[in-house]
*Asks:* 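The structure that follows is given in the form of structure tokens.
Every number for a ligand or one of its atoms is a count from 1 in the order of the listing. Residue indices begin at 1 and follow the sequence shown.
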Amino acid sequence: MPFFRDYKNGDLRHKKGSAPTGSTTPKSVSYICFIGAGYVGGSTAAVLANQCPHIQVTVVDKNAERTKAWQSENLPVAETGLLDIVKVPRDGLRPSQRKNLHFTTEVEESIQQAEIIIVSVNTPTKAVGTGSGYLLDSSVLEDVVMCIARSARSNKIVVEKSTVPVGTGETVRDILRNNAHTGVKFEVLSNPEFLAEGTAVQNLLQPDRVLIGCLETKSGFLAAETFASVYATWIPRERIITMNLFSSELSKLAANALLAQRISSINALSIICEATGADIQQVAKAVGSDSRIGPHMLRASFGFGGSCFKKDIRSLVYLCKCLHLDDVAAYWEAILNINEKQKSRSVARIVSRFNNNMNGKKIAILGFAFKENTGDTRESCAIDLVKGFLHEGASVSIYDPLVQESQIREDLGIDCAADGGLDNRLTICQSGEEACTGAHGVLVATNWDTFRSLDWDHVARVMTYPRIVFGSSACLDPNVLESMGFTVEIIGKKVW
Ligand SMILES: NC(=O)c1ccc[n+]([C@@H]2O[C@H](COP(=O)([O-])OP(=O)(O)OC[C@H]3O[C@@H](n4cnc5c(N)ncnc54)[C@H](O)[C@@H]3O)[C@@H](O)[C@H]2O)c1
Ligand SMILES: O=c1ccn([C@@H]2O[C@H](COP(=O)(O)OP(=O)(O)O[C@H]3O[C@H](CO)[C@@H](O)[C@H](O)[C@H]3O)[C@@H](O)[C@H]2O)c(=O)[nH]1
């Protein structure tokens, strides 16, 4: 597999050493540039500007509309608390843009002014060619790095913030070295991001850890220390971990694989629960009470969604295959297989409650985002669930508090167009109650708080027999709902 380097020949290994103590004096930083004003770049830049008023922070994006949105009160990213740090409140007046936070499309000038350039562009799974469906496409990142090399007139620290294939740091170094203006030197750092959507601001203000990967050379350590000193403005020093570039790149993929593995493990156990009469919530509590296991990421669900888990695990699988570790690749890929199974078997379970005939039946879907408190629908389980019901002949009505109708239609659109008539069976609603009106079943796909406090009495009145509610116990209380006349089916709980 051609993309993967023979690391034995890479100079990262040859220059290995330990961090010199006391010999590094980090430079003070006054100008940082982010390239990519998405979920990660925009949110991280805003928090950094908020915590470091002495640093000018510029965020460059090629998308002028997005750049403009960051300067408005309608931020392109819906995150709790984000507007309050992008804008500065003013008594009795509209909040103004933070003075040290700038959004622009002017890439060259921003690169030239900055001492540190943080690349936070998207790295989706490759769609065509070698590695398609698995390898992360770092071509946008490489284009940006080339632009940095050509624009920079003084030494820079270039930081990979995007999630990248292991080994990308060396490609980035090659591009910079071979395209730099005479006398200009670059240091490459890896600084993967671990924020979760919906809690981005809180995660950025109080991260469990910050990783900084560097080349194990004196100048590499110095660059890492310089960057670490920026984070140290608000993050305890012991939470800022420095390591070699490859460890840092791999740690990002490993963290997501391990988090997703817990969800697939609990979802795999939920299948056993439904077959045996064990209750997955009780099992999760029992195993999560073991301090070595811990309680997080053990909520049984219709599967995990989001832009990261699937693509990062696929990247790990591809890396294993490149290394001819097919059994290791199969081990990681099993996480994804369980995730797919959880979605398809959930549709099948629900369809079986209607005697395997969904013609003339209506299912309300509450929630379309991949998780609560975000408007992001990337890889949302709701997409596959809705497609499954439409395919079975059901009508589907959908409500999500944050996701726009146009986004829902775009996510489902291709199939609707391909199978004439599907569109007539799809309604996007303005409230949960509206979506449930006339429905035979309701499925809570996203655990929004607002669905907990839905007027379920009213919903019971406007729904049609058999009034089945499907979902996870994280959002639904079966005892309360059953007392209102619903039949309740919970993931990981047997229906007797
Ligand atoms: N979304 C998350 O929760 C999350 C968390 C951790 C890590 N990551 C990783 O961070 C990276 C960014 O993710 P994201 O969710 O912020 O992506 P995103 O799609 O929201 O944002 C990427 C931005 O980069 C811009 N861009 C693309 N090409 C550009 C170019 N040539 N010049 C300037 N701007 C350009 C796009 O217009 C877009 O605004 C990815 O590698 C992702 O895997 C994401
Ligand atoms: O016990 C759980 C926890 C989560 N989920 C689902 O898993 C998905 C991902 O959730 P979460 O991890 O909270 O959100 P993300 O924003 O995707 O964040 C993950 O992906 C990011 C991108 O790489 C990382 O930075 C974060 O650390 C990592 O948590 C969502 O569909 C959740 O509903 C479950 O099904 N059960």
Side-chain angles (χ1 to χ4, degrees), residues 33-45 59-67 69-70 76-77 79 103-107 110-111 118-125 136-148 160-165 168 191-200 203-204 207-209 252-253 255-260 262-267 270 280 284 288 295-313 315 339 342-343 367 369-374 376-382 445-448 472 474-475 491:
C33 165
F34 282 77
I35 304 186
Y39 276 88
V40 168
S43 313
T44 314
V59 196
V60 182
D61 203 291
K62 63 171 189 183
N63 182 336
E65 222 173 284
R66 192 162 253 222
T67 305
W70 277 107
V77 168
E79 283 293 336
F103 291 91
T104 177
T105 52
E106 280 301 320
V107 65
S110 306
I111 290 170
I118 302 175
V119 185
S120 49
V121 293
N122 38 318
T123 49
T125 303
L136 293 178
D137 183 350
S138 42
S139 57
V140 170
L141 178 128
E142 288 177 24
D143 287 351
V144 165
V145 171
M146 178 66 87
C147 178
I148 295 171
E160 295 170 357
K161 170 66 84 182
S162 303
T163 306
V164 292
T168 301
N191 172 228
E193 183 50 60
F194 296 100
L195 68 81
E197 287 183 27
T199 52
N203 296 155
L204 288 163
D208 287 346
R209 77 321 206 166
K252 173 62 195 174
L253 303 183
N256 274 353
L258 290 172
L259 292 170
R262 287 173 69 94
I263 301 170
S264 276
S265 297
I266 209 72
N267 284 341
S270 78
I280 196 61
H296 301 295
M297 307 302 270
L298 288 181
R299 178 173 46 76
S301 62
F302 290 113
F304 56 76
S307 63
C308 294
F309 281 172
K310 189 168 162 187
K311 87 175 166 75
D312 293 354
I313 292 171
S315 173
N339 203 47
Q342 188 72 344
K343 289 182 273 187
F370 83 94
K371 67 188 272 197
E372 60 279 17
N373 303 324
T374 177
D376 194 346
T377 61
R378 289 179 286 183
E379 299 293 339
S380 175
C381 290
T446 315
N447 296 325
W448 283 98
S472 116
C475 195
I491 299 162

*Asks:* Using side-chain heavy atoms (C-beta onward) and a distance below 4.5 Å, is Asn203 in contact with Glu193?
*Replies:*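 Side-chain contact under 4.5 Å: no.
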
*Asks:* Taking the side chain from Ser380 and the backbone from Thr377, do they hold a donor-acceptor pair closer than 3.5 Å?
*Replies:*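 No; zero donor-acceptor contacts below 3.5 Å.
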
*Asks:* For ligand 1, give me the residues whose heavy-atom distance to it is below 4.0 Å, by chain and number please.
*Replies:*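 Residues Ile35, Gly36, Ala37, Gly38, Tyr39, Val40, Asp61, Lys62, Asn63, Arg66, Ser120, Val121, Asn122, Thr123, Val140, Val144, Ser162, Thr163, Glu193, Leu195, Glu197, Lys252, Ser307, Cys308, Lys311, Arg378 each place a heavy atom under 4.0 Å from ligand 1, listed by chain and number.
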
*Asks:* Without swapping roles, check the side chain of Thr374 against the backbone of Lys371 for a donor-acceptor pair under 3.5 Å.
*Replies:*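 Side chain of Thr374 to backbone of Lys371, a donor-acceptor pair under 3.5 Å: no, none is there.
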
*Asks:* Between Thr123 and Thr163 (side chain of the first, backbone of the second, donor and acceptor by atom type, cut-off under 3.5 Å), is there such a pair?
*Replies:*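 Here the side-chain-to-backbone pair exists.
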
*Asks:* Measure the acute angle between the ring planes of Phe103 and Trp70, then classify it against the limits of 30° and 60° as parallel, tilted or perpendicular.
*Replies:*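 If you compare the ring of Phe103 with that of Trp70, the planes turn out parallel.
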
*Asks:* Sub-3.5 Å donor-acceptor pair from the side chain of Ser315 to the main-chain atoms of Pro165, do we have one?
*Replies:*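 It does not hold such a pair.
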
*Asks:* Non-hydrogen atoms closer than 4.0 Å to ligand 2: which protein residues do they belong to? List them by chain and number, please.
*Replies:*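 Answer by chain and number: Glu193, Phe194, Leu195, Ala196, Glu197, Lys252, Asn256, Leu259, Ile263, Met297, Leu298, Arg299, Ser301, Gly303, Phe304, Gly305, Cys308, Phe309, Asp312, Phe370, Lys371.
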
*Asks:* Check whether NZ of the Lys or CZ of the Arg Arg378 lies under 6.0 Å from the centre of the six-membered ring of Phe370 and within 45 degrees of that ring's axis.
*Replies:*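 Judged by the rule, Arg378 and Phe370 form no cation-pi pair.
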
*Asks:* Would a distance-only check, ignoring hydrogens and angles, find a side-chain to backbone donor-acceptor pair under 3.5 Å from Glu79 to Gly198?
*Replies:*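 Judged by distance alone, yes, a pair lies under 3.5 Å.
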
*Asks:* Starting from the C-alpha separation in whole Å, work towards a yes-or-no answer on side chain to side chain contact (heavy atoms under 4.5 Å, CB included) for Phe309 and Glu379.
*Replies:* CA-CA 9 Å; Phe309 281 172; Glu379 299 293 339; over 6 Å; no

